[in-house]
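Worksheet for the structure shown next.
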Amino acid sequence: MVATFEPKTDYKVVGTRPIRHDGYDKVTGRAIYGGDMKLPGLIWGVMVRSPHAHANIKSIDTSAAAAMEGVFAVITGADMPKAPSKLVDLGEGNINFKWASNKLMADDKVLYRGHPVAAIAATDRYVAEEAARKVVVEYEVLESVTNVVDALKPDAPIILPDMVGDDLGEDVTNTNMAAHVRHEFGDVEGAFASASHTIEREYNMQMVHQGYIEPHNATATWDEEDRIKIWTSTQGAFPARTQIAGILQVDVSRVKVTPTEIGGGFGGKIPVYLEPIAALLAKKSQRPVKMVMERTAVFETTGPTPGARMVIKLGADANGKLTVATSDIWFEAGANPGAFIGPAAMCIYAPYEIANTRIDGWDVLVNKPKVAPYRAPGSPQVAFAMESAVDELCEEAGWDSFKFRVDNASKEGTRRGDGVLFSKIGMQEVLEAVKECDHWNAPLGDAPEGKVRGRGIANGYWFNIGLKSSANLAVNTDGTVQLTEGSTDIGGSRTSMAMHVAEVLGIGAHDVRPTVGDTESVGYTDVTGGSRTTYATGYACWLAANNLVDVLKDRVAVLWDIKPDDVDFNDGAFTSKAEAAKSIGFKELAGKLDDLGGPATSTGTVDLESAGDGFGTHIADIEIDLATGKSDIIRYTALQDVGTAIHPAYVEGQLQGGAVQGIGWALNEEYYMQDDGKMANSSFLDYRMPTTLDLPFIDTVLVEVPNPLHPYGVRGVGETPICPPVAAIANAIKDAIGTRLYNTPMNAGSILEALK
Amino acid sequence: MTTNSPSKVHVTTTINGQQHELLVPGYMSLLDTLRELIGLTGTKEGCLDGNCGACTVSVDGRIVDSCLVLGAEVNGKNVDTVEGMATPEGLHPLQQAFLEEAALQCGICTPGFLVAAKGLLDNEPSPTEGRIRHWLAGNLCRCTGYDKIVRAVQKVID
Amino acid sequence: MHPFAYVAPSTVAEAVAVLNEHGDRARPMAGGTDLLVKARANVWELDAVVDIKNIPELMNLSIGNGGLSIGAGVPCYQVYDNSEVAAEYPGIVDGASIIGGIQVQSRAGLGGNLCNAAPSGDGICPLIVHSAVAKISGPSGDREVAVEDFATGPSRTVLGKGELLVSIEVPKPAANSGAAYTRFIPRNEMDIAVAGVGVFVQLDSSGKNFESARIALASVGPTPILASAAGDSLAGKPVNDETIAAAAALAKDAATPITDMRGTVEQRKQLVEVLTGRMIKQAVERARG
Ligand SMILES: Cc1cc2nc3c(=O)[nH]c(=O)nc-3n(C[C@H](O)[C@H](O)[C@H](O)COP(=O)(O)OP(=O)(O)OC[C@H]3O[C@@H](n4cnc5c(N)ncnc54)[C@H](O)[C@@H]3O)c2cc1C
Ligand code: FES
Ligand code: FES
C-alpha cells in the first residue's frame with residue numbers, strides 16, 4: 001500500500017531560499033572535489049588508450065614503460081579479474097559486469113577510440129604520461145561502424161562476436177543489434193485507415209555529451225587486509241561500490257567508497273571508469289593512486305547519450321484529435337549494449353492522449369563510447385521527433401499547434417506508450433500556465449534588417465524514479481541536528497534534505513547540518529539521478545525526522561514522568577496532552593538530553609516506486625541571420641510542473657541548466673566522427689557548448705501541482721527540462737525561415753543549406 | 001644561460017599576498033604549481049587547454065587560464081586565487097552574491113567565475129549585462145545556464 | 001607531454017643562441033596559448049621552451065608617425081586597451097579582441113598568432129591588409145618579411161633554424177583610410193573562425209571613391225590569403241553596392257576552403273562573400289570617420 005499525502009501550504013521552511021550549507025566551502029575554494037584528493041605517498045595513474053576505434057590487439061609491450069624511473073606499476077587487460085556476465089540495476093540503467101569490465105580495459109580487442117589497453121602508476125602525472133607513451137601496442141585495425149544504419153547492414157563488422165541479442169524475445173547472434181522491443185496498444189492499422197490527416201517523417205540526432213566541467217577522477221588504496229578504499233566524484237557512492245566490487249570480483253563490504261564533492265554529472269558519473277583501475281594500480285604499487293581523466297578522453301570514452309534515427313507517423317481525425325501514433329527508433333548504444341530504448345518508449349507519447357500507439361525500439365552497437373545516462377536518457381531524442389511531428393501535422397492540417405497540444409494533452413488515466421496509466425499529472429496545468437505567461441503573450445518583435453525571427457513551443461516528459469534512500473539523524477546538545485544522508489550533492493540537494501528535517505522538527509534550515517555519507521556511514525542509497533534525490537532521499541529524511549520526534553517523545557515522557565503517548569509535538573514544541581501549560585521546545589529539550597538517556601538518534605529508509613511524472617513546456621524565440629545562417633536565442637521560457645519546490649532557487653536552476661543543455665544540443669553540439677571512427681571535435685573548443693554570451697536570461701515558471709506520493713508534494717524536476725528544448729528550437733527555426741530541419745545539430749551550416 | 005641548467009626553476013612569487021619560494025619543474029603549469037606544489041586546490045582543472053576557465057587566476061591583476069601559464073613564469077609576480085578573495089572580515093561581495101543568488105550548482109566552475117568576475121569589477125565597477133556576458137565567455141558552466149551567475153554579478157553592481 | 005626546460009633569456013641574441021642550439025626541439029613562447037596546448041597534446045616533443053617575455057624589444061608596443069610597432073610578445077589586451085591604437089588601427093583591434101576570451105587575451109598576442117600560422121588566425125588578416133612587415137632576428141642577422149608571405153602552410157612559416165620574430169611593423173595609415181576584420185563562428189566567442197575577412201580601404205578625399213583596397217581571407221585555405229584581385233577591383237571605383245558586391249564575389253573566388261568539422265566548402269565560400277561585403281562597408285564607414 002503506497003502512502004499518499006494531502007497537499008499543505010503552511011510551510012515554515014519548505015519553499016524558502018536559505019543559503020546552501022556547502023556554499024561557503026564552494027565559494028572559497030575549500031571544498032574537496034575528487035581531483036583535489038591528497039593522501040600521504042600518493043602517486044598518479046594514467047591510462048594508455050587505443051588510437052583506433054576497432055582493432056585486434058596483437059601484442060602489448062610494457063617493458064620500456066615499466067623500466068622507467070618513477071614508474072611503480074603497469075597493468076593491462078591480463079590483470080583484470082574476469083567478471084562474469086551478470087546484469088545489475090543501477091537505478092538509471094543496468095550494467096552487465098562483463099561488459100562494464102571490458103569497457104574499462106580492453107581484453108584482446110579495442111571497441112572504441114580511447115579504449116584503455118594498459119594503465120600506469122608513477123610518481124607524478126608527468127612521469128606517468130611519459131611512461132604511457134613508451135607502451136608499444138601492435139594492432140590489427142578492423143573496419144569500424146559509427147552509425148546505426150551501417151551497424152545493421154548484413155556485412156557490417158561485428159563489434160561483440162559473443163553477444164546474444166534479444167529480438168522481441170528471440171535470441172539472435174552474430175549481430176550488432178543488442179535488443180529490439182515493442183509496445184503496441186489499440187488498433188493502429190484501423191486508426192490510420194480512418195484518420196483524416198497523417199504524416200510520416202524521419203529525424204536524426206548525433207550523439208552528444210553531458211559536458212560536466214569536472215573530468216572523471218578516482219583515488220584508491222588497497223591494504224593488506226584486501227580492503228579497498230575509493231574517493232571519487234560519483235553520482236552514487238553505493239552504486240559505484242556495486243560496480244567496483246563487481247568488476248574487481250570482491251564482496252561489496254571490501255570496498256568503501258567516499259564520495260567527494262562532484263563537479264557535475266548529469267548521469268555521466270553513474271558508471272565508473274577509473275575507480276577499479278586505480279584500485280588495481282594501488283594494489284600492484286602498494287601505494288595510494290590518483291587518476292584524473294584528460295578532457296579528450298572524457299569525450300572519447302565516457303558519457304554520451306545515444307545518437308538516434310527515428311521514424312514517426314501520426315494520424316488525427318478531422319476534429320483535431322490525435323488518434324494514432326507509431327514510431328521506429330534506432331539508438332546508438334556505443335560499444336556495449338544498453339541504449340535507452342526503454343525510457344524512450346515510456347516518454348515518446350506521454351504528453352498526449354492517443355488511443356492507438358506502437359513503438360519499436362532497437363539498441364544498436366557502434367564503435368563509439370558506451371552511452372551513459374544523460375538527463376532523461378532517451379527522452380529528448382523522442383521529444384525532438386514527436387514534438388516536431390506534431391507541429392508538422394498541424395501545419396498540414398492547418399491547425400493551431402498550441403491548441404492541438406492543449407486539446408490532446410494527457411491527464412489522469414491516460415495510457416503511456418509502454419502501457420502504464422497515469423495518476424495525477426500536471427500536463428494540462430503546465431499548458432494553462434503557458435496561456436498565462438508573459439512570453440507566450442508577448443509579440444516576437446521585428447527582426448533587424450537581414451534577419452528573421454521565429455517562435456517555437458514543445459512539451460517534454462520524464463517519469464522520475466523513486467528507489468532506495470537512507471538518512472541518519474543525531475541531536476546535538478545545542479539544539480542542532482546532524483544529518484547524514486546517502487545522496488551525493490550535485491546541485492544543492494543536501495540543503496533540501498536539511499529543509500525536510502527542519503520542517504518536521506520546527507527548527508531553522510541552518511539548525512540542521514547535513515553531510516553526504518560514505519558507504520560505511522549510512523544505509524544504501526541509490527544514485528543522484530532519475531530526478532529522485534529530493535523526492536526519495538528527502539522522503540527518507542522526513543521519515544528519520546518523524547522517527548526522531550518519537551524518540552524525543554520518550555525523553556519528554558521521562559522528563560515529565562508521563563507516558564510517551566501523552567506527549568504531543570507541534571511547531572517545534574513538545575506539550576503534554578494532559579496538562580496544556582506544560583511545554584518544552586526542541587532546543588531546550590536537546591540541552592537536557594544528556595540527563596534523559598543520552599544521545600537521541602534516528603534513521604529513515606525508503607524504497608519507492610516513482611517520484612511522480614514530470615511534464616514541462618518550453619517556449620523559444622530565435623533570430624536568424626539570413627546571409628550566414630547564424631542563430632541566436634533571444635528569449636526563452638521553461639515552464640514545468642515541479643510538484644512542491646522545496647528550495648525554489650535550485651529548482652529554477654535545474655530548469656535553466658537543463659534548458660541550456662538542450663539549447664546546446666539543438667544548435668551546435670555533436671560527436672563529429674571521422675571515417676576512421678575518431679571524434680574530430682573532442683575538446684571544449686570544438687564541441688561548442690553554449691557560453692554565457694550565447695544566451696539570454698532563461699525565464700522559468702514553476703507550476704506547483706503537489707505530488708500526492710511525497711509528504712511535501714515533491715516531484716522530480718532535474719530531467720524534464722532537457723526534453724523540450726531541441727524540438728522547441730526546431731519549431732522556432734521552422735517558424736523563422738519556413739523550412740524544417742530534421743537533423744541535429746541545427747547549426748548555421750544546416751540553416752544556410754535550408755535557406756537555399 | 002643554457003638549458004643544461006637544472007630543469008627546476010627557482011621561483012619567488014607572491015600568492016594571495018604571501019611570498020613563496022619554490023622550485024618548479026620547467027614544464028609544470030601554474031595550475032599544477034598551485035595545486036600540487038603549494039596545495040591550493042581551490043583553482044580547478046576542467047580541460048587543460050584554455051577552454052573552460054575553471055583554472056582562472058589573476059596574475060598581476062590580469063585574469064589568465066593557469067593551465068596555460070608555466071609556474072616558472074610567475075617569478076616576481078603577484079598571483080591571486082579564489083582562496084585569497086575572502087578576508088578575515090568576511091566573504092568578498094561576489095562570493096556572498098553567488099551564495100544568495102544560488103549561482104552555483106555543482107560549484108566546480110565557481111572559483112573560476114569568481115576570480116574572473118572580480119577581475120572585471122576591479123576595473124569596471126558597473127558593467128552592462130552584455131559586458132558581463134562578454135567578460136565571462138571564457139568560463140564554462142554546464143549546470144546553471146549562466147542565468148543566476150550573471151544575476152549575482154549584477155547584484156554586486158547594484 | 002615531454003618534460004622540457006624553461007629558459008627565459010633577456011636579449012634577442014641569447015634567445016637566438018638557445019633556439020639555434022636545440023633546433024626543432026626548442027620553441028619560443030610568447031603567450032603560450034598555442035604552444036602549451038600543442039606541447040601537451042604531443043604535437044611537438046620539446047626539450048626547451050624559450051620564454052621571450054623578458055626581452056624588452058619583444059614587449060614593446062609603440063605608435064608614432066612611423067607607424068605601429070608591436071613586439072612579438074605583446075598580449076592582445078595591451079593592443080586593444082591602447083586608445084591610440086584603437087583609434088588608428090581599429091581593424092587590428094577587431095582581430096586582437098576576438099582571440100579566445102579575456103583570459104586568453106591576457107596572454108595571447110599577434111606575434112604568437114602569426115608564428116602559429118593557423119589559417120584561421122584572427123590576428124593575421126588585419127595585419128596583411130595593413131601591409132605589415134615582420135621583423136626577424138636569427139643566427140645570420142636580421143631580415144624583414146611581408147606578413148602575407150610569413151605563413152607557408154598550416155603551422156609552417158618562413159622562420160628558419162634559430163630565427164625569432166622580433167616585432168610586427170605596421171605603416172601609418174593615410175588619411176581617408178579604414179580597416180575592419182570579422183569572422184564567422186557558430187558561438188559568439190571562444191571559437192575558431194569558419195571563415196574570416198579583413199579589409200583595408202583607401203578612399204579619395206571626397207570619401208566617395210576607392211583609391212585602393214586590400215582584402216585578406218582567413219580559414220579558407222592552407223594559409224591566410226591575400227585576395228589581390230578582389231582588393232584591386234575596387235581601385236578607382238565608386239563606393240556603391242555594385243562595386244562592393246563585385247569585390248565580394250572575387251573574394252569568394254579566391255577562397256580555397258576544405259570541408260571539415262567547422263564547415264563545408266560551400267558554406268565557407270558563401271561566408272567569405274557575405275563577410276567581405278560587410279567588412280568593406282565597415283572599413284568605408286571608418287575611413288569616412
Ligand atoms: C581557448 C583558446 C581560444 C583561442 N581562440 C582563438 C581565436 O579565436 N582566434 C585565433 O586566431 N586564435 C585563437 N587561439 C589560438 C591562440 O590563442 C592564438 O593563436 C594566439 O594569438 C597565440 O599567441 P601566443 O602569444 O599565445 O603564442 P604562443 O603559443 O606563445 O606561440 C604560438 C607559436 O608561435 C611561436 N612563437 C611565439 N613567439 C615567437 C617568436 N617571437 N618568434 C618565433 N616564433 C614564435 C611558438 O613557438 C608557437 O609555435 C585560441 C587559443 C585558445 C587556447
Ligand atoms: S583547465 Fe584551464 S581553461 Fe580549462
Ligand atoms: S555549477 Fe556546475 S559547472 Fe557551473
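Lettering follows sequence order; numbering is per chain, from 1.
Panel note: side chain C/S219, backbone C/A193; a donor-acceptor pair is recorded below 3.5 Å. No donor-acceptor distance shorter than 3.5 angstrom exists from the side chain of A/R113 to the backbone of A/A53, with no hydrogens or angles considered.
Contact annotation for C/E273: neither backbone nor side-chain heavy atoms come within less than 4.5 Å of a heavy atom of chain A. Residue contact with chain C, scored on non-hydrogen atoms closer than 4.5 Å, involves the backbone and the side chain of A/D694 alike. Only the backbone of C/D260 comes within less than 4.5 Å of a heavy atom of chain A; no side-chain atom from C-beta onward does. Only the side chain of A/L752 comes within less than 4.5 Å of a heavy atom in chain C; its backbone stays farther off.
Ranked by heavy-atom pairs under 4.5 Å with chain A, the list C/R262, C/M1, C/E189, C/E266 is led by C/R262. Ranked by heavy-atom pairs under 4.5 Å with chain C, the list A/A680, A/S631, A/G629 is led by A/A680. Among A/R133, A/E130, A/E129, the residue making the largest number of heavy-atom pairs under 4.5 Å with chain C is A/R133.
A salt bridge does not link A/D621 to A/R635: none of the charged nitrogens lies less than 4.0 Å from a carboxylate oxygen. Remark: A/R688 does not engage A/D686 in a salt bridge, criterion side-chain N to carboxylate O under 4.0 Å. Look at C/D51 and C/R27 and you find no salt bridge, because none of the NZ, NE, NH1 or NH2 atoms lies under 4.0 Å from a carboxylate O.
Ring pair A/H216/A/Y212 is perpendicular by interplanar angle, where above 60° counts as perpendicular and below 30° as parallel.
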